[in-house]
Amino acid sequence: METALLIKIGGSLRGADALLDELAGYPGPLVLVHGGGPNIGEWLTRLGFETRFSQGLRITPPEQMEVVEMVLTALGKELAYRLTDRGRPAIALSGRDAGLLKAVPLSEELGRVGTVQKVDQGLLRRLLEIGLTPLVAPIGMDPEGPLNINADTAAGAVAGALSLPAVFLTDVAGVLRDPKDPSSRLARLSARETRRLIATGVISGGMIPKVEAALNALEQGAPWAAIARGESGALSGVLAGAQGTRLEPSG
């Protein structure tokens, strides 16, 4: 049986056809977690809201949370429809559905921004058993209502709860020893080696949050995590070690 995977994808629908073809064609079970940052920013601006960030997280006052949830929910439905249309029946969910993602707020300063406290893995496993691909929007719930969760963080939590490998499909080919040399891809790294590369500056800039997301997935319980470009052949390439960078727990 093909390896079951947790896949984190961005929320942009622009140029998504090749990625959706790749996901739809994967022969094994998938659980997908999607983002939606650009679309959220676009809608907030359109509605006259100011967008502010703190430590890479979107500050989400209660009055903006409704917009965030609206955009993420609509994106999930569209992505699920497109996958279903390609022959992979998919269902769009958020943490609001059947208590899927229980969350806690991160700080008062960030507003309705949270982190996952508990994942209802049973719900996701039942959907997989009946042949559906769950597509999860990163919205968690606490007693006060919905919370906006960073999609990479949510992906790590879901991967850990299901003990699935986590593949972060992004716009880079993986970790490069020399950012200017595409042939310097590092196929495998331990968590310890990855931390060393961050400390020595080999991993820097925009690559750091991508790598931190993969390390977070390992800490949450994923057996391994990978960063790869979301393109044709990405999933089989990652499994074969021919594409992306695979991160594994140390020792």
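Keep in mind that this is a model prediction, so the values were computed, not measured. Sequential numbering from 1 along the given sequence is applied to the chain's residues. All heavy atoms count here, side chains included; hydrogens, waters and symmetry mates do not.
- The existence of a salt bridge linking Glu129 and Arg125 is excluded, since no basic side-chain nitrogen approaches an acidic carboxylate oxygen closer than 4.0 Å.
- When the side chains of ILVMFWY residues are joined at heavy-atom separations under 4.5 Å, either directly or via intervening members, Phe49 and Ile59 end up in two distinct hydrophobic clusters.
- Ion pairing between Glu212 and Arg195 holds under the 4.0 Å rule for side-chain N and carboxylate O.
- In the hydrophobic clustering, where aliphatic and aromatic side chains (Ile, Leu, Val, Met, Phe, Trp, Tyr) are joined below 4.5 Å either directly or transitively, Leu176 stands alone.
- The other residues sharing a hydrophobic cluster with Leu100 are Leu6, Val31, Val33, Ile91, Leu93, Leu101, Val116, Val119, Leu123, Leu124, Leu127, Leu128, Ile130, Leu132, Val136, Ile149, Val158, Leu162, Leu164, where clustering joins ILVMFWY side chains under 4.5 Å apart.
- Separating the NZ atom in Lys8 from the CG atom in Leu169 is a distance of 9.0 Å, to the nearest 0.5 Å.
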Show the atom names and distances, to 0.1 Å, of all donor-acceptor pairs under 3.5 Å that link a side chain in residues 227-240 to residues at least two apart or in another chain.
unit_1: Arg229; atom_1: NH1; unit_2: Asp171; atom_2: O; d: 2.7
unit_1: Glu231; atom_1: OE2; unit_2: Gln243; atom_2: NE2; d: 3.3
unit_1: Ser236; atom_1: OG; unit_2: Gly233; atom_2: O; d: 3.2

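- For the residue pair Glu69 / Ser94, no side-chain donor-acceptor distance below 3.5 Å is found, with atom types taken as modelled.
- In summary, Lys102 and Asp120 do not engage in a salt bridge, as defined by a charged side-chain N under 4.0 Å from a carboxylate O.
- With sequence neighbours left out, Asp178 forms a side chain to side chain donor-acceptor pair (under 3.5 Å) with no residue at all.
- Annotation for Phe53: hydrophobic cluster partners, listed by chain and number, are none (ILVMFWY side-chain heavy atoms under 4.5 Å, direct or chained).
- Remark: the backbone N or O of Gly160 is not paired with any side-chain donor or acceptor of Gln121 at under 3.5 angstrom.
- Judged by distance alone, the side chains of Thr153 and Asn150 do bring a donor and an acceptor atom under 3.5 Å apart.
- Pairing each heavy atom of Asp142 with each of Ala103, the nearest pair is CB-O, 3.3 Å.
- Chaining together hydrophobic side chains whose heavy atoms lie under 4.5 Å apart leaves Leu147 on its own.
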